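The structure under discussion appears below in the form of C-alpha cells.
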Amino acid sequence: MGHVVVVGAGQAGSSCVAKLRNSGFDGKITLIGSETAPPYQRPPLSKAYLLGEMELDRLYLRPLSFYEDQTIDIRLGATVDAVDPAGKTVTVDGSALEYDELVLTTGSHPRRLPASVGGDLDGVYVVRTLTDVDSMAPEFAEGKRVLIIGGGYIGLEAAAVAAKKGLQVTLVEMADRILQRVACPETSDFFRNLHQSHGVEIVEGVGLDRLKGEGRVSGAVLTDGREIDVDFAIVGVGITPATELAEMAGCAIDNGISTDAQGRTSVDGIWAAGDCASFPYRGGRIRLESVPNAIDQSELVAENIMGAQKAYVAKPWFWSDQYDVKLQIAGLNLGYDSVITRAGDKAGDASYWYYKGDELLAVDAANEPRAFMVGKRLIEAGKSPARELVADTGVELKTLLR
C-alpha cells in the first residue's frame with residue numbers, strides 16, 4: 001500500500017502512525033523526529049514532570065518497542081532538510097527518502113525574546129521540549145528569584161511549580177489582565193487570586209523592557225521603569241506553527257498549514273495535523289493547540305489516507321493544572337458577549353459559562369468536573385440551557401441535558 005512518511009514525532013505524529021497500523025495499513029511507515037527522545041506527552045512538562053512528580057519513562061506515549069513491533073521505522077534526532085513534492089521525496093540528514101503520502105505533524109515553535117532585549121542571555125528559558133525543561137529544572141531551588149514573562153497558561157503553570165518549590169515568583173503580563181487572550185475576566189480573577197494566595201506577584205498592564213546581565217541574566221527592567229533582580233527567567237509568550245517544510249513544499253499557509261476538512265494540504269500527497277495545521281470550522285478557519293486536537297486530527301488523517309473520506313468535526317477541549325486546581329475547558333469562547341458564573345460544590349470552586357446571545361459557546365470549570373462534562377455534552381449536542389438555570393445552583397447540572 002505504499003510508503004507513508006510522517007514528519008514530526010510528537011503527539012500527532014505518534015497517533016497518526018499508530019492509527020495507520022490499527023486501521024490495517026500494511027505498507028511502509030516512517031516516523032521522523034528532530035528530538036532524540038521517543039514521542040512523549042508535552043503537558044506534564046510544565047506541571048508534574050517539572051515538579052519531580054513524574055518519571056521520564058512515564059512521559060513516553062509508547063515504549064520504543066511499540067514501533068519495532070508495529071514495523072514502524074522511527075528515526076529520532078533526524079533533520080528533514082528538504083521536501084520535493086514533484087519527486088515525492090524528503091531529504092533526511094542529506095539522504096533522499098521516497099514517499100507516497102507525506103504527513104506533516106511538525107508542531108510549533110515557542111516565541112523567544114530577541115537578543116536585543118536580553119533573550120540570548122544564559123538563564124533565560126522557554127517551556128516547550130523535554131530538553132527545555134531538563135535545562136531549567138536545576139534552577140528551581142528554594143529562595144531563588146524567577147521572572148516569568150507572559151500570563152497565559154504556560155506562564156501560570158510554571159509560576160505554580162516555582163511557588164510550590166519555594167521560589168520568589170514575579171509574573172509580568174503586558175495585557176490588562178492575565179489570560180486576556182483566552183479567557184473571560186472572571187476566569188482571570190480566579191487565577192490571579194489563586195496565585196496571589198500562594199505568594200506570586202502578578203504584575204498586569206506592564207511589559208518587559210529588557211533583561212540585564214553580563215552573559216547571564218541578573219535583572220530586568222519593566223516598561224513602567226521598575227527594576228528587579230532575578231536569578232533566571234521563563235518566557236511564556238505563545239507559540240508559532242512550524243510551517244517551514246510546508247512552505248518549502250509550496251503548501252498554502254493560513255494561520256498554519258492550511259488543510260481541507262479531511263486534512264489535505266493544497267499540495268497533492270501532503271497532509272497536515274496538530275498544532276501546525278489550520279482547518280475549516282463553522283464557516284471560518286481555526287488552528288487548535290491541544291492534545292485532543294492533535295490526536296483526533298491526526299487519526300482522521302490516517303483514516304483518510306486509507307480512503308475513509310471523513311471530514312474533521314472538532315470538539316475542542318483543554319485543561320490546565322495549577323496548585324490543587326484543575327481547570328477544564330469545553331468549547332471555544334470566540335465571540336462571547338456574556339458570562340454566567342455558577343458557584344461550585346466547594347467554597348472557591350466555580351464554573352464560567354460563555355454565551356453569545358442565547359447560544360452556549362464554552363465552559364471554564366475550575367475544580368468542577370461535572371460542570372465540564374455537562375457543558376461539553378451540551379456544546380457538542382448544540383444545546384443551550386437558559387442562563388438562569390445555569391446560574392441557579394439549586395438546579396441539578398444533569399437536568400440541563402434533558
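Computed from a prediction, not measured in an experiment: that's the story for all the values here. In what follows, every heavy atom counts, from backbone to side chain, and hydrogens, waters and symmetry copies are set aside.
Proximity of a side-chain donor or acceptor of Glu227 to a complementary backbone N or O of Val221 within less than 3.5 Å is not detected. Not a single donor-acceptor pair under 3.5 Å links the side chain of Thr243 to the backbone N or O of Gly256. At least one donor-acceptor pair closer than 3.5 Å links the side chain of Ser298 to the backbone N or O of Ala12. With hydrogens and angles disregarded, no donor-acceptor distance shorter than 3.5 Å links the side chain of Asn22 to the backbone of Lys19. Between the side chain of Asp84 and the backbone N or O of Thr89, no donor-acceptor pair lies under 3.5 Å. Looking at Ser14, its side chain never comes within 3.5 Å of a backbone N or O of Gly10 through a donor-acceptor pair. Checked by atom type and distance alone, the side chain of Glu204 pairs as donor or acceptor with a backbone atom of Ile178 at under 3.5 Å.
Scanning all heavy atoms of the two residues, the minimum distance from Met306 to Ser23 falls at CE-O, 3.2 Å. The minimum heavy-atom distance between Glu35 and Leu130, with the atom names listed, is OE1-N, 4.0 Å.
In this structure Ala137 satisfies the side-chain contact (heavy atoms from CB on, under 4.5 Å) test together with Leu50, sequence neighbours excluded. For Lys165, the side-chain contact (heavy atoms from CB on, under 4.5 Å) partners are Leu51, Phe140, Val161, Leu167, not counting sequence neighbours. Partners of Tyr153 according to the ring pair (Phe, Tyr, Trp, His ring centres under 6.0 Å) rule, which considers only residues two or more places apart in sequence or in another chain, do not exist here.
Atom CG of Leu389 sits about 7.0 Å away from atom OG1 of Thr399, to the nearest 0.5 Å. Note that NZ of Lys398 and CE of Met373 are 14.5 Å apart. Values are rounded to the nearest 0.5 Å. Atoms NZ and CD, on Lys144 and Glu139 in that order, are 4.0 Å from each other to the nearest 0.5 Å.
Under the ring-ring contact (aromatic ring centres under 6.0 Å, His included) criterion, the residue pairs touching residues 318-340 are His195-Tyr323, His198-Tyr323, Trp317-Trp319, Tyr336-Tyr354, with sequence neighbours excluded. Counting only residues at least two apart or on different chains, the ring-ring contact (aromatic ring centres under 6.0 Å, His included) pairs with a member in residues 253-305 are Phe279-Tyr312.
Taking the side chain as every heavy atom from C-beta outward, Tyr125 and Val235 never approach each other to under 4.5 Å. Residues Ile149 and Leu113 meet the side-chain proximity criterion, which asks for heavy atoms closer than 4.5 Å.
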Could you go through residues 282-291 and list every donor-acceptor pair under 3.5 Å that involves a side-chain atom there, pairing it with any protein atom two or more places apart or in another chain?
unit_1	atom_1	unit_2	atom_2	d
Arg285	NH1	Ser258	OG	3.3
Arg285	NH1	Thr259	O	3.0
Arg285	NH1	Ser278	O	3.0
Arg285	NH1	Ser278	OG	3.3
Arg285	NH2	Thr259	O	3.0
Arg287	NE	Asn255	O	3.2
Arg287	NE	Asn255	OD1	3.3
Arg287	NH1	Asp275	O	3.0
Arg287	NH1	Glu289	OE2	3.1
Arg287	NH2	Glu289	OE2	3.2
Ser290	OG	Asn293	N	3.2

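Counting heavy atoms of neighbouring residues, nucleotides and ligands inside a 6.0 Å radius, atom CD of Glu68 does not exceed 12 of them. When the shell of 6.0 Å around CE of Met174 is examined, it contains 12 or fewer heavy atoms from other residues, nucleotides or ligands.
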